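Here the structure comes first, spelled out in structure tokens, and everything after it is commentary.
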Amino acid sequence: AFAWCRILLKVLTPPFSLIQVRQHHPARKLNRPDASLPSIRKMNTLETPPLQYPDRTEWIATPDGHQLPLRVLDPHCGPHAAVLCLHGLFSDGRFFLNSSQEGPGSTLLEQGYRVITGELRGHVRSRWPSSSRRHDWSFDEYAQQDIPALIHAAAELHDGPLFVLAHSLGGYALLAALGLDATLQAKVSGACILASAVNDYSEMGTRKRLLFHFAALLGNVFGYLPAR
């Protein structure tokens, strides 16, 4: 075995060393980069940073006093249409675009669409009517107050076709709101629903049923659901 190791080392060992390379190429200094080539730091400074899209936030009041943030981002060219993005449960507008303007919404901006992200009550930046967080509201308020307020505000901000992209809970609330108000349908040119499964929860299983009851109990105790 020792003999085989010696043979293997001879095969793998290169016929020259770094010292020999320095002797054959005295002009090349391995411990210092070629001065004729720009350093990595210099090359990075020459790169043009991506242009930021114009970004602003409007605050929309619901009939019962909640303040909902409506973030508006404009493309660099004239907007063809606007897309209102509605998040799901335990989420917010950053699901579509974060503070660095990264996310799925950036693709829409690149294609020339104005992107508007709305947030429902009880989620992150939404403002409560008072300092107390104990308020009696449910899914009905999403469908009857929050979604209509966000759509009406988005339609006023954008004079052109308005589409709605809704995820999970936002999709449920959007479909309910459009079904309840025919005038709201007239303001929307189209809607895309993501991961909003339509079922009666009969296939959830015992564990998920107990989880829903436990969540309802926490909501009654705290006045809101203490979860992320």
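Everything numeric in this text was worked out from a predicted model, so none of it was measured.
- In the hydrophobic clustering of this structure, L86 does not group with L180; members are Ile, Leu, Val, Met, Phe, Trp, Tyr whose side-chain heavy atoms approach within less than 4.5 Å, directly or through other members.
- Here the closest heavy-atom approach between residue L120 and residue Y142 is recorded as CB-CE2, 3.7 Å.
- Distance check, rounded to the nearest 0.5 Å: CD of Q111 to OG of S106 gives 10.5 Å.
- At least one side-chain heavy atom of V72 sits under 4.5 Å from a side-chain heavy atom of R114.
- By the 4.5 Å heavy-atom criterion applied to side chains, T62 and R121 are counted as neighbours.
- When all heavy atoms of H80 and P161 are compared, the pair lying nearest together is O-CD, 3.9 Å.
- Here the NE2-CG distance, from H213 to L218, works out to 13.5 Å after rounding to the nearest 0.5 Å.
- The minimum heavy-atom distance between G190 and V188, with the atom names listed, is O-CG1, 3.1 Å.
- For the pair D64 and Q145, the minimum side-chain heavy-atom distance is below 4.5 Å.
- V221 and L211 are assigned to two separate hydrophobic clusters, defined by single-linkage of ILVMFWY side chains at heavy-atom distances under 4.5 Å.
- Closest approach of G93 and E119 over heavy atoms only: N-OE2, 3.3 Å.
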Residues V115, L97; criterion side chain to side chain contact (heavy atoms under 4.5 Å, CB included); working and verdict: CA-CA 9 Å; V115 175; L97 271 175; 3.9 Å; yes
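- With contacts defined as side-chain heavy-atom distances shorter than 4.5 Å, the pair H66/I60 does not qualify.
- Side-chain N or O atoms of Q144 include none that pairs as donor or acceptor with a backbone N or O of E141 at under 3.5 Å.
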Step-by-step side chain to side chain contact (heavy atoms under 4.5 Å, CB included) determination, R125 to Q67: CA-CA 9 Å; R125 293 196 302 163; Q67 295 286 329; over 6 Å; no
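- The two residues A154 and L70 make their nearest non-hydrogen contact at N-CD2, 4.0 Å.
- Rounding to the nearest 0.5 Å places CG of L169 at 11.0 Å from CG of L174.
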Side chain to side chain contact (heavy atoms under 4.5 Å, CB included) between L165 and F96, worked out: CA-CA 10 Å; L165 177 62; F96 297 97; 3.8 Å; yes
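- Between atom CG of residue L194 and atom NE2 of residue H87 there is a gap of 14.0 Å, rounded to the nearest 0.5 Å.
- Taking SG of C77 as the reference point, atom CG of L109 lies at 9.5 Å (rounded to 0.5 Å).
- Within the model, atoms CD1 of I147 and CG of L184 stand 9.0 Å from one another, a figure rounded to the nearest 0.5 Å.
- Taking the six-membered ring wherever Trp is involved, the centroid distance between the rings of H167 and F95 falls below 6.0 Å.
- Side-chain contact check for Y113 versus P75: every heavy-atom pair is 4.5 Å or farther apart.
- In this structure the side chain of D92 never reaches within 4.5 angstrom of the side chain of T117, judged on heavy atoms.
- Under the 3.5 Å distance criterion, the side-chain polar atoms of S126 are matched with a main-chain donor or acceptor of H123.
- Y172 is connected to F90 through a chain of hydrophobic side-chain contacts under 4.5 Å among Ile, Leu, Val, Met, Phe, Trp and Tyr, so both are in one cluster.
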Step-by-step side chain to side chain contact (heavy atoms under 4.5 Å, CB included) determination, E58 to L157: CA-CA 10 Å; E58 307 282 344; L157 291 171; 4.1 Å; yes
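- When every heavy atom of K187 is checked against every heavy atom of A155, the shortest pair comes out as CD-CB, 4.2 Å.
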